[in-house]
Amino acid sequence: MTPMFIKEPFMNLTYQNPQATYITVNPKDAIVPRELMDRGIAVKYDLVKVLANLKECGISRISAED
């Protein structure tokens, strides 16, 4: 399965919604498209470790009110 099949719909949603932020997590190829640089975050780290760190910090969900 090509990663772009997963990433492209999220990129498109971010393009369409000016309040959205595109976040990509990949230890080798965390790349934000040029068009989304002002609303993108590239995390070059292992996703399992990122999620574990968030859990340790007590972050279980993120909402507009947080």
Side-chain angles (χ1 to χ4, degrees):
M1 180 182 277
T2 304
M4 285 308 294
F5 287 128
I6 297 169
K7 294 179 181 185
E8 188 174 5
F10 292 102
M11 288 178 193
N12 290 335
L13 287 170
T14 307
Y15 291 132
Q16 295 169 8
N17 183 347
Q19 296 179 350
T21 301
Y22 176 75
I23 302 172
T24 181
V25 180
N26 188 307
K28 296 179 184 174
D29 299 315
I31 299 169
V32 174
R34 187 176 307 128
E35 300 85 4
L36 295 175
M37 283 300 218
D38 61 329
R39 297 184 292 135
I41 300 169
V43 179
K44 289 188 177 184
Y45 207 69
D46 183 81
L47 179 60
V48 172
K49 292 178 182 179
V50 170
L51 295 176
N53 287 340
L54 290 172
K55 185 176 180 181
E56 285 177 20
C57 293
I59 298 173
S60 59
R61 68 175 181 82
I62 299 173
S63 68
E65 293 83 33
D66 291 343

What distance do K44 atom NZ and T24 atom OG1 have between them, rounded to the nearest 0.5 Å? 10.0 Å

Between NZ of K28 and CG of D46, what distance do you get to the nearest 0.5 Å? 11.0 Å

Inter-residue atom distance E8.CD - L13.CG, 0.5 Å rounding: 11.0 Å

Between F10 and I6, what is the shortest heavy-atom contact and its length? CD1-O, 3.1 Å

Take atom OH of Y45 as the centre, draw a 6.0 Å sphere, and report whether it contains more than 12 heavy atoms from other residues, nucleotides or ligands. no

Is there a continuous path of hydrophobic side-chain contacts, each under 4.5 Å between heavy atoms, that joins I31 to I23? no

Tabulate below the donor-acceptor pairs under 3.5 Å that side-chain atoms of residues 35-43 make, not counting sequence neighbours, or state none.
{"from": "R39", "atom 1": "NH1", "to": "T14", "atom 2": "O", "distance (Å)": "2.8"}
{"from": "R39", "atom 1": "NH1", "to": "N17", "atom 2": "O", "distance (Å)": "2.7"}
{"from": "R39", "atom 1": "NH1", "to": "A20", "atom 2": "O", "distance (Å)": "3.4"}
{"from": "R39", "atom 1": "NH2", "to": "T14", "atom 2": "O", "distance (Å)": "2.9"}

